[in-house]
Protein chains: 2
Amino acid sequence: MWVSTRAQYGMRALVEIGLRGDEPTSLKFVSERQNISQHYLEQIVAVLRRAGIVESVRGAHGGYRLARPLDEVTALEVVELMEGSVAPVSCIEDSENCVRVGNCSTEGLWRKLDLAVRAVLGGTTLADLVAERQLLQLEPLPEQFAGLN
Amino acid sequence: MWVSTRAQYGMRALVEIGLRGDEPTSLKFVSERQNISQHYLEQIVAVLRRAGIVESVRGAHGGYRLARPLDEVTALEVVELMEGSVAPVSCIEDSENCVRVGNCSTEGLWRKLDLAVRAVLGGTTLADLVAERQLLQLEPLPEQFAGLN
DNA sequence: GTCAATTCCAGGTAAATTACACGGAATTAT
DNA sequence: ATAATTCCGTGTAATTTACCTGGAATTGAC
């Protein structure tokens with residue numbers, strides 16, 4: 001039930017980018033604040049760009065900004081994009097994939113799990129995460145967390 | 001958000017074993033009915049045995065039976081055992097693991113996800129799965145599914 | 001007491017995935 | 001011009017996954 005670092009980093013990067021509104025946010029900035037390899041971030045954000053979640057501004061003082069309003073990007077969309085799928089087992093996505101489909105003792109369980117995951121991720125948008133992040137920033141953070149979260 | 005085949009196979013094997021009550025069920029039988037490599041099953045069931053979920057009967061006509069009542073084995077226990085953990089990210093299991101803990105914009109999301117997964121898996125026992133399996137068997141299956149599910 | 005059916009065990013392994021790094025080309029504000 | 005950035009293809013080490021191999025130990029049936 002693991003979420004890859006690609007998806008984790010993608011989410012954290014989007015919050016960072018979303019937080020700064022229309023001003024383009026550079027990956028150098030994100031990578032420093034979030035302690036993520038810049039080169040790795042490039043690959044991750046490239047996927048987000050091709051999917052129309054962020055848009056890029058090239059050149060000096062360039063960076064990325066959200067291509068859509070905060071509340072129109074769900075965590076489900078992001079995780080599904082970075083992960084390929086959120087389904088716990090292959091037969092749920094791709095019914096053809098399994099001879100047992102419709103006749104399997106565990107199919108119902110995985111289906112319930114899939115729905116629960118989709119409910120949580122689909123019910124959370126970047127707007128929620130940015131809001132949470134801003135709340136956190138109100139309380140001054142201890143030194144060790146400076147520049148993080 | 002993937003569940004490994006180890007966990008999938010483990011669940012299916014347990015349903016098969018649970019279905020036959022006190023009579024020990026051989027892995028040959030399980031592997032044929034469920035189309036799972038017998039050697040791979042050995043490794044999986046060995047883990048279940050060491051965890052006290054099944055017990056073995058050695059020798060001819062041996063096999064495995066459940067070590068506990070059907071309704072005292074949750075899917076959560078099995079998946080957690082086979083997978084090591086069901087947490088979506090490491091910082092949830094092991095708070096020490098993350099400098100950002102308590103100060104992270106995405107922590108809440110992963111925590112909600114973890115709870116939802118635990119609710120579904122923890123709310124399902126082998127008794128539920130065996131019952132579902134028995135319902136399926138009432139309707140005669142098409143030829144191609146004979147011996148499956 | 002032999003034989004067949006089984007669990008038990010200690011390895012090995014090929015393929016895929018993950019989480020990056022490397023090196024540079026193209027673009028643009030200053 | 002220069003410096004800051006995105007963009008792009010490729011490489012790679014480590015880990016994980018999903019198995020297989022080859023046997024030893026145990027036990028019921030005859």
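In this text, all values refer to a predicted model and were calculated from it rather than measured experimentally. Just so it is clear, the values below take in all heavy atoms, side chains as well, and ignore hydrogens, waters and symmetry mates. Here is how names work: the chains are called A, B, and so on, in the same order as the sequence lines, proteins then strands, and each is numbered from 1.
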Write down the distance between CZ (Arg58(A)) and P (dT6(D)), rounded to a whole number of angstrom. 10 Å
Hey, is the side chain of Tyr40(B) poking within less than 4.0 Å of OP1 or OP2 on dT17(D), counting only N and O atoms? no
Can you identify which nucleotide, out of dT6(D), dT6(C), dA4(C), has its nearest atom closest to the Ala60(B) side chain? dA4(C)
In whole angstrom, what separates Ile44(A)'s CD1 from dT6(D)'s C1'? 16 Å
Expressed in angstrom and rounded to an integer, what is the separation of Leu27(A) atom CG from dA4(D) atom P? 15 Å
For a quick check under 3.5 Å, do Ser85(B) and Glu93(B) share a side-chain donor-acceptor pair by atom type? yes
To the nearest Å, how far apart are Ile17(B) CD1 and dT7(C) C1'? 12 Å
Considering heavy-atom distances to DNA chain C, does Arg6(A) or Gly62(B) have its closest nucleotide positioned more toward the 5' end? Gly62(B)
Residue mapping more 5' on DNA chain D - nearest nucleotide basis, His39(A) or His61(A): His61(A)
Is it the case that the side chain of Ser37(A) and the backbone of Tyr40(A) share a donor-acceptor pair, with hydrogens and angles ignored and the cut-off at 3.5 Å? yes
Out of dT6(D), dT6(C), dT27(D), which has the shortest distance to the side chain of Ser26(B)? dT6(C)
Just to be sure I understand the rule, does Val45(B) reach a base, reach only the sugar-phosphate, or reach nothing, if contact means heavy atoms closer than 4.0 Å? nothing
Figure out the CD/C1' separation between Glu42(A) and dC22(C), and round it to whole Å. 11 Å
Are Glu16(A) and Arg20(A) ion-paired here, with the side-chain N under 4.0 Å from a carboxylate O? no
Closest to the side chain of Ser56(A), out of dC19(D), dT6(D), dT6(C), is dT6(D)
Quick one: Gln43(A) CD to dC22(C) C1', roughly how many Å, whole number? 11 Å
Arg49(A) side chain, from C-beta outward: closest of dG28(D), dC7(D), dC20(C): dC7(D)
Closest of dC19(D), dA19(C), dT27(D) to the Thr5(A) side chain is dA19(C)
If you check every side-chain atom of Ser37(B), which of dA18(D), dT6(D), dC19(D) has the closest atom? dC19(D)
Is a side-chain N or O of Thr124(A) found less than 3.5 angstrom from the main chain of Leu121(A), in a donor-acceptor match? no
Atom-pair distance (CZ on Phe29(B); P on dA5(C)), nearest Å: 16 Å
When you get a sec, tell me which of dA29(C), dG22(D), dC8(C) is the closest nucleotide to the side chain of Tyr64(B)? dC8(C)
Whole-Å distance, Glu32(B) CD to dT6(C) C1', equals 13 Å
Ion pair Glu80(A)/Arg118(A), N-O distance below 4.0 Å: yes
